[in-house]
Amino acid sequence: MRPSNLIDTLSVMFPAHEPVLLKGAPGVGKTAIVKRACSICGAKLIISHPVVNEPIDYKGMPFVQNGHADFLPFGDLRALIEARELTVFFLDDLGQAPAAVQAAAMQLILERKINGHEVSPCVTFIAATNRKQDRAGVMGVIEPVKSRFITILELTPELEDWVPWALEEKMPVELIAFMRFRPNLLFDFKPTADITNSPCPRTVANVGRLMKMGLPANTEYEIYSGAAGDGFAAELMGFLKIYRNLTHPDVILMNPDTAPVAEDPATLYATCGALARRVSDQTADRICRYACRMPAEFSVLLMRDCMQIYPQIVNHREYIAWAAKNNNVLN
C-alpha cells in the first residue's frame with residue numbers, strides 16, 4: 001500500500017480502535033506514517049519498542065499489599081489504563097522482539113488487559129515490523145500474535161507521495177529534482193552484511209539533511225556515499241554538476257519569454273526544481289509564462305511544485321491562462 005493510502009486508512013482505523021500490523025523494509029517511513037495518521041485524527045501517540053523489553057514489562061511491577069501479591073502498572077502501561085482521549089499505542093519493530101515478549105503483548109492486543117487492569121476504551125493498538133528478507137534481525141511474528149490484528153498491510157514507497165513530503169520538510173530542491181529524474185533510487189534497498197547503506201526514503205532524507213549543511217565540495221561524494229551508497233552518490237553528483245551549471249533561475253525570471261528551454265530531461269528536472277524554490281507573489285506570473293514554453297510533462301511538474309509551495313498561485317492571471325492551455329494534461 002502506498003504511503004498516502006496508508007495514512008488515509010490508519011486515520012480511519014485508529015478511531016475505530018481496530019489493531020493493525022504494518023510490515024515493510026527498513027527506512028520506508030512506517031513510523032512517520034503512523035505519526036502523520038495520529039496527527040490527522042487527533043490521537044495521542046505512545047511508541048513502545050518491544051525488542052528492548054522483557055515479558056514482565058507487560059505485566060507491571062510486582063508488589064505486595066495487605067498480604068496479597070499483585071502487579072502495579074507503571075509508565076506507558078499506566079497511561080494505557082488512564083487514557084481519556086484517543087490514544088494509539090505503537091509497538092514498533094515487533095518482529096525483532098523475542099517470542100516470549102510477543103506473547104506477553106498478546107494480552108494487551110486481544111484481551112485489552114494488563115494483569116487484570118482494563119485498558120482504556122480510548123486506546124488503539126498498532127504494530128510494525130520489518131520482513132525476514134530485510135536482514136534486520138527479524139525473528140518473525142508468532143502466529144497467535146499475527147491473528148490478533150484485524151489486517152496486515154505492507155508499505156511500499158511511492159515517489160508521488162514522497163515529493164509533497166519533501167517539499168513540506170524543505171528538502172533541497174536539487175535533491176527533489178534528482179529523485180524525479182531517477183525515481184527508482186527512492187527505494188533500491190539491498191540488505192547486506194557490509195557496513196554500507198542503500199537508497200530508501202530514510203537514507204535519501206539523510207542525504208537531504210547533509211546537503212543543507214553546505215559541505216565542502218571535495219567531501220560531498222564520500223559523505224553522500226556513506227549515507228545512501230556509492231551508486232546513489234555517483235548519480236547524484238553527476239546530476240548536481242548539471243544543476244550547478246544551469247542558466248541562473250533569476251535570468252529565466254527576468255526573461256521568461258525568451259530564456260532558453262532545455263531539451264534533455266536532467267536539465268529540465270533541475271530547472272523545475274530551481275524555479276519552484278523561487279515561487280512567490282512577485283515571481284508567479286513569470287514562472288507561469290516560462291512554464292507555457294516547456295514540454296507539457298515538465299510544465300505540469302513545475303506548476304504542481306509551485307502550488308505545493310505557494311497555493312495562491314492559482315489566483316494569478318498567468319496561472320489561469322496556463323491552466324486553460326494545459327487542461328488536457330492536468331488530470
Side-chain angles (χ1 to χ4, degrees), residues 2-8 11 29 32-33 35-37 39-40 157-183 185-186 201 204-205 207-209 211-212 239 242-243 246-257 259-262 264-331:
R2 60 185 293 172
S4 57
N5 291 343
L6 183 55
I7 290 172
D8 292 341
S11 62
I33 282 174
K35 290 179 179 179
R36 177 63 174 161
S39 175
I40 290 173
E158 286 284 345
L159 185 69
E160 289 183 9
D161 290 341
W162 182 85
V163 169
W165 171 87
L167 289 168
E168 185 177 324
E169 294 295 317
K170 295 181 170 54
M171 287 282 110
V173 291
E174 54 267 45
L175 176 63
I176 298 173
F178 170 67
M179 296 313 302
R180 279 182 161 143
F181 178 58
R182 295 288 281 115
L185 290 181
L186 178 63
V204 171
V207 171
R209 285 192 282 273
M211 292 173 71
K212 291 164 72 173
F239 183 85
I242 295 172
Y243 184 90
L246 287 175
T247 299
H248 197 282
D250 290 343
V251 174
I252 295 176
L253 293 175
M254 288 175 64
N255 304 283
D257 300 319
V261 176
D264 65 290
T267 305
L268 284 166
Y269 277 116
T271 300
C272 287
L275 288 175
R277 183 165 61 179
R278 284 167 169 75
V279 67
S280 67
D281 185 61
Q282 291 73 36
T283 63
D285 284 339
R286 292 174 177 269
I287 289 175
C288 291
R289 282 158 55 190
Y290 187 76
C292 285
R293 301 174 54 223
M294 301 177 76
E297 175 188 354
F298 292 94
S299 180
V300 171
L301 184 67
L302 173 57
M303 287 296 99
R304 285 179 173 168
D305 279 358
C306 288
M307 290 169 63
Q308 182 78 24
I309 297 170
Y310 175 65
Q312 298 91 333
I313 195 173
V314 299
N315 299 319
H316 283 249
R317 181 181 299 274
E318 294 290 344
Y319 175 86
I320 295 170
W322 173 88
K325 180 181 177 181
N326 293 275
N327 184 58
N328 61 321
V329 293
L330 279 176
N331 297 321

A.B. asks: Indicate yes or no for a side-chain donor-acceptor contact from Thr283 to the backbone of Arg278 under 3.5 Å, with no hydrogens or angles considered.
C.D. replies: yes
A.B. asks: When you compare the side chain of Val300 with that of Met303, does any pair of heavy atoms fall below 4.5 Å?
C.D. replies: no
A.B. asks: Roughly how far, to the nearest 0.5 Å, is the CD atom of Glu169 from the CG atom of Leu167?
C.D. replies: 10.5 Å
A.B. asks: Answer whether the closest heavy-atom distance between the side chains of Leu301 and Tyr269 falls below 4.5 Å.
C.D. replies: yes
A.B. asks: With sequence neighbours left out, what residues match Phe178 under ring-ring contact (aromatic ring centres under 6.0 Å, His included)?
C.D. replies: Phe232, Phe239
A.B. asks: Going by atom type alone, with no hydrogens or angles, which donor-acceptor pairs under 3.5 Å involve a side-chain atom of residues 286-296 and a protein atom two or more places apart or on another chain?
C.D. replies:
{"unit_1": "Arg286", "atom_1": "NH1", "unit_2": "Leu253", "atom_2": "O", "d": "2.8"}
{"unit_1": "Arg286", "atom_1": "NH1", "unit_2": "Met254", "atom_2": "O", "d": "3.4"}
{"unit_1": "Arg289", "atom_1": "NE", "unit_2": "Asp257", "atom_2": "OD1", "d": "3.4"}
{"unit_1": "Arg289", "atom_1": "NH2", "unit_2": "Asp257", "atom_2": "OD2", "d": "2.5"}
{"unit_1": "Tyr290", "atom_1": "OH", "unit_2": "Pro260", "atom_2": "O", "d": "2.7"}
{"unit_1": "Arg293", "atom_1": "NH1", "unit_2": "Pro256", "atom_2": "O", "d": "2.9"}
{"unit_1": "Arg293", "atom_1": "NH1", "unit_2": "Ala259", "atom_2": "O", "d": "2.8"}
{"unit_1": "Arg293", "atom_1": "NH2", "unit_2": "Ala259", "atom_2": "O", "d": "2.9"}

A.B. asks: Going by atom types only, do Tyr319 and Asp285 share a side-chain donor-acceptor pair under 3.5 Å?
C.D. replies: no
A.B. asks: Quick check for you: to the nearest 0.5 Å, what is the distance between Met171 atom CE and Met211 atom CE?
C.D. replies: 10.0 Å
A.B. asks: Under the 3.5 angstrom rule, does the side chain of Ser11 hit a backbone N or O of Ile7 as a donor-acceptor pair?
C.D. replies: yes
A.B. asks: Flag yes if more than 12 heavy atoms outside Gln312 fall under 6.0 Å of its CD atom; otherwise flag no.
C.D. replies: yes
A.B. asks: Distance check, rounded to the nearest 0.5 Å: Ile313 atom CD1 versus Gln308 atom CD?
C.D. replies: 12.5 Å
A.B. asks: Rounded to the nearest 0.5 Å, what's the gap from CD1 on Ile320 to CG on Asn315? Could you check?
C.D. replies: 7.0 Å
A.B. asks: Taking all atoms of both residues into account, what is the closest heavy-atom pair of Leu159 and Pro183, and its distance?
C.D. replies: CD2-CB, 3.6 Å
A.B. asks: Would you compute the distance between atom CG of Asp161 and atom CG of Leu186 and round it to the nearest 0.5 angstrom?
C.D. replies: 10.0 Å
A.B. asks: Rounded to the nearest 0.5 Å, how far does CZ of Arg180 lie from CG of Leu268?
C.D. replies: 13.0 Å
A.B. asks: May I have the step-by-step check of side chain to side chain contact (heavy atoms under 4.5 Å, CB included) for Thr271 and Tyr243, ending in yes or no?
C.D. replies: CA-CA 8 Å; Thr271 300; Tyr243 184 90; over 6 Å; no
A.B. asks: Charged N to carboxylate O below 4.0 Å: is that the case for Asp8 and Arg36?
C.D. replies: no
A.B. asks: Looking only at heavy atoms, what is the nearest atom pair of Trp322 and Ser299, with distance?
C.D. replies: NE1-OG, 2.6 Å
A.B. asks: Can you give me the closest heavy-atom contact between Leu246 and Ala274, atom names plus distance?
C.D. replies: CD1-CB, 4.5 Å
A.B. asks: Should we say atom NZ of Lys212 is surrounded by more than 12 heavy atoms from elsewhere, each under 6.0 Å from it?
C.D. replies: yes
A.B. asks: Under 3.5 Å, side chain of His316 to main-chain N/O of Glu318, donor-acceptor pair present?
C.D. replies: no
A.B. asks: Quick one: closest heavy-atom pair of Val204 and Trp162, and the distance?
C.D. replies: CG1-CZ2, 3.7 Å
A.B. asks: Between Arg277 and Asp305 (salt bridge meaning N to carboxylate O under 4.0 Å), is one present in this structure?
C.D. replies: no
